Participant: 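There's a structure below that I have some questions on.
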Amino acid sequence: MLLAGKGGSGKSTTALLCLEAGLRYVSDDYCLLEPGERPRAHCLYNTGKLQRDHLTRFPALAQKAVDPHSDQFEKKVIFVHQHYPDRLANALPLRAIFLPYVSGESDHHLRQVAPEVALRGLAPSTLFQLSAPSREHLRIMAGLTRQLPCYQLALGTDFASIPAFIRNHIDSL
C-alpha cells in the first residue's frame, strides 16, 4: 500500500508498526513510484523515522532508533536494513492507496474515497519536494489514484492492532 497525506497524519508510525509486525517495507517519506499496468513502489533509502514523542509508546522501535541530529524537532531514524533486513524490499507492487489520519476513536476504520480525494492527499507533498514539478508528474499521480482503490484510514488508539487491520485489508484486495 502507499500511505499518503500531510505530515502528522500517522504515515511513518503506521509504516513502522507494520514493519515491526512482520510486513514488508519499502520506504518512509521517499520512494520511487513506477506507473504502469502493475504499479510498484521502489526503495530509495532504507530508513524509517519515529517521532520523539512516540519513543515511550514504542520501546522496541525506540531501541533501534538513532539520533543523527541533536535537534529536538527532528525525528529519530531507524536503519531498516540493519534491524529488519528480511523485511526491507527493493520494490513491491502497489494494491491500494491509504490516507491515514488519527481519529481518536478506539477502533480503526476504512472508507473508500474517490480518486480526487487521494490525489489531494498525495500530490501536494510530492510536488513540493520535486526539483522541477510538472503537469506530467501530476498526470502520473492522477492516473495512479484512478487505477488503485483509495481509502481513508481512520487510525484508532489501539496501536498494536493497526498492522493486523491493514494486513487483513491488503489480503482481501
Side-chain angles (χ1 to χ4, degrees), residues 1-19 23-54 69 71 73-78 80 87-105 108-156 159 162-163 165-173:
M1 77 180 147
L2 176 65
L3 295 168
K6 62 183 180 176
S9 63
K11 298 180 305 291
S12 294
T13 302
T14 299
L16 289 171
L17 287 172
C18 288
L19 169 70
L23 278 76
R24 302 288 311 273
Y25 182 91
V26 169
S27 177
D28 178 21
D29 288 338
Y30 298 100
C31 67
L32 177 66
L33 297 178
E34 177 186 353
E37 186 178 322
R38 294 186 179 140
R40 296 175 63 81
H42 294 267
C43 180
L44 294 175
Y45 304 103
N46 59 48
T47 59
K49 295 181 182 174
L50 188 63
Q51 290 279 1
R52 290 182 183 276
D53 63 342
H54 287 175
H69 307 286
D71 182 339
F73 301 106
E74 288 288 325
K75 293 180 178 180
K76 291 190 86 166
V77 176
I78 298 170
V80 176
R87 296 181 200 158
L88 182 62
N90 288 329
L92 288 174
L94 290 174
R95 293 199 225 159
I97 298 172
F98 285 12
L99 306 169
Y101 68 95
V102 179
S103 71
E105 298 176 11
H108 318 297
H109 302 282
L110 271 179
R111 180 175 65 92
Q112 193 154 11
V113 296
E116 307 83 56
V117 174
L119 185 60
R120 284 194 301 271
L122 177 62
S125 62
T126 302
L127 292 173
F128 286 133
Q129 295 186 44
L130 295 174
S131 60
S134 69
R135 287 180 184 238
E136 181 64 9
H137 292 116
L138 186 59
R139 186 191 66 74
I140 290 168
M141 285 185 276
L144 190 65
T145 62
R146 286 191 301 270
Q147 183 178 4
L148 297 172
C150 304
Y151 301 92
Q152 277 189 331
L153 169 60
L155 297 170
F159 292 113
I162 290 173
F165 181 83
I166 289 174
R167 185 188 319 248
N168 289 339
H169 188 73
I170 294 293
D171 289 346
S172 72
L173 292 175

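None of these values were measured; they are calculated from a predicted model. The figures here come from the full heavy-atom set of this structure, side chains too, leaving out hydrogens, waters and symmetry mates.
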Participant: Does any part of the side chain of L94, heavy atoms only, come nearer than 4.5 Å to the side chain of L33, both counted from C-beta?
Facilitator: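 L33 reaches L94 side chain to side chain.
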Participant: Before giving the answer on side-chain contact (heavy atoms from CB on, under 4.5 Å), spell out for K75 and L50 the whole-Å C-alpha distance, their side-chain angles and the decisive distance to 0.1 Å.
Facilitator: CA-CA 5 Å; K75 293 180 178 180; L50 188 63; 5.8 Å; no
Participant: Donor-acceptor pair, distance only, cut-off 3.5 Å: does the side chain of Q147 make one with the backbone of E37?
Facilitator: yes
Participant: Does the side chain of R38 come within less than 4.5 Å of P93's, by heavy atoms?
Facilitator: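 In short, these two side chains do not touch, never coming nearer than 4.5 Å.
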Participant: Any side-chain heavy-atom pair from Y25 and L92 closer than 4.5 angstrom?
Facilitator: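 Side chain of Y25 against side chain of L92, heavy atoms only: no contact under 4.5 Å found.
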Participant: Looking at side-chain heavy atoms only, is the closest gap between L119 and E116 below 4.5 Å?
Facilitator: no
Participant: Once rounded to the nearest 0.5 Å, what's the spacing between atom CZ of R24 and atom CZ of R87?
Facilitator: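 R24 atom CZ to R87 atom CZ measures 10.5 Å (nearest 0.5 Å).
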Participant: Got Q51 and S12 here, is their nearest side-chain heavy-atom distance under 4.5 Å?
Facilitator: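 Heavy-atom side-chain distance check fails, nothing below 4.5 Å.
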Participant: Are there more than 12 heavy atoms of other residues, nucleotides or ligands under 6.0 Å from atom CG of D171?
Facilitator: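 Yes, because the 6.0 Å sphere around CG of D171 holds more than 12 heavy atoms from other groups.
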Participant: With rounding to the nearest 0.5 Å, note down the distance linking OG1 in T145 to CG in L2.
Facilitator: 10.5 Å
Participant: Might you point out which heavy atoms bring L138 and A123 nearest each other, and give the distance in Å?
Facilitator: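 Scanning both residues completely, I find the closest heavy atoms to be CD1-CB, 3.9 Å.
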Participant: Measure the acute angle between the ring planes of H169 and F98, then classify it against the limits of 30° and 60° as parallel, tilted or perpendicular.
Facilitator: tilted
Participant: State whether the side chain of S9 and the backbone N or O of K6 hold a donor-acceptor pair below 3.5 Å, judged by distance alone.
Facilitator: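 Yes, the answer is positive, given that a donor and an acceptor are paired below the 3.5 Å cut-off.
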Participant: Report yes if the side chains of L44 and S27 come closer than 4.5 Å at any heavy-atom pair, otherwise no.
Facilitator: no
Participant: For the atom pair CD1 (I166) and NE2 (H108), what is the distance rounded to the nearest 0.5 Å?
Facilitator: 8.0 Å
Participant: Return the minimal non-hydrogen interatomic distance between L110 and F165, and the atom names on each side.
Facilitator: CG-CE2, 3.8 Å
Participant: Using 0.5 Å steps for rounding, measure from the SG atom of C18 to the CG atom of L3.
Facilitator: 7.5 Å
Participant: Surrounding OH of Y45 (heavy atoms of other residues, nucleotides or ligands, distance under 6.0 Å), is the total greater than 12?
Facilitator: no
Participant: What are the two closest heavy atoms between G10 and P100, and how far apart are they?
Facilitator: C-CG, 4.4 Å
Participant: So which atom in I162 and which in L155 form the shortest heavy-atom distance, rounded to 0.1 Å?
Facilitator: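 Heavy atoms only, the tightest pair is CD1-CD2, 3.9 Å.
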Participant: Can you see which heavy atom on A154 is nearest to which on Y101, and at what distance?
Facilitator: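 Residues A154 and Y101, closest heavy atoms: CB-OH, 3.4 Å.
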Participant: As an exercise, state the distance from CG of L153 to OG1 of T14, rounded to the nearest 0.5 Å.
Facilitator: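 Here the interatomic distance stands at 6.0 Å.
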Participant: Drop me the distance from R146's CZ to M141's CE, to the nearest 0.5 angstrom.
Facilitator: 12.0 Å
Participant: For the pair V80 and T47, evaluate side-chain contact (heavy atoms from CB on, under 4.5 Å) and give the outcome as yes or no after the intermediate values.
Facilitator: CA-CA 5 Å; V80 176; T47 59; 5.7 Å; no
Participant: Verify, without hydrogens or angle tests, whether D28 (side chain) and K49 (backbone) share a donor-acceptor contact under 3.5 angstrom.
Facilitator: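 Yes, because the side chain of D28 sits within donor-acceptor range (under 3.5 Å) of the backbone of K49.
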Participant: Between V26 and C31, what is the shortest heavy-atom contact and its length?
Facilitator: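 Heavy atoms only, the tightest pair is CG1-CB, 4.4 Å.
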Participant: Please determine whether side-chain contact (heavy atoms from CB on, under 4.5 Å) holds for the pair I97 and M1, giving the CA-CA distance in whole Å, both sets of side-chain angles, and the decisive distance to 0.1 Å.
Facilitator: CA-CA 6 Å; I97 298 172; M1 77 180 147; over 6 Å; no
Participant: Tell me if a side-chain donor or acceptor on K11 pairs with a main-chain N or O of G5 at a distance below 3.5 Å.
Facilitator: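 At least one qualifying donor-acceptor pair exists.
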Participant: Kindly indicate whether the side chain of L23, heavy atoms from C-beta on, has any atom under 4.5 Å from the side chain of R167.
Facilitator: yes
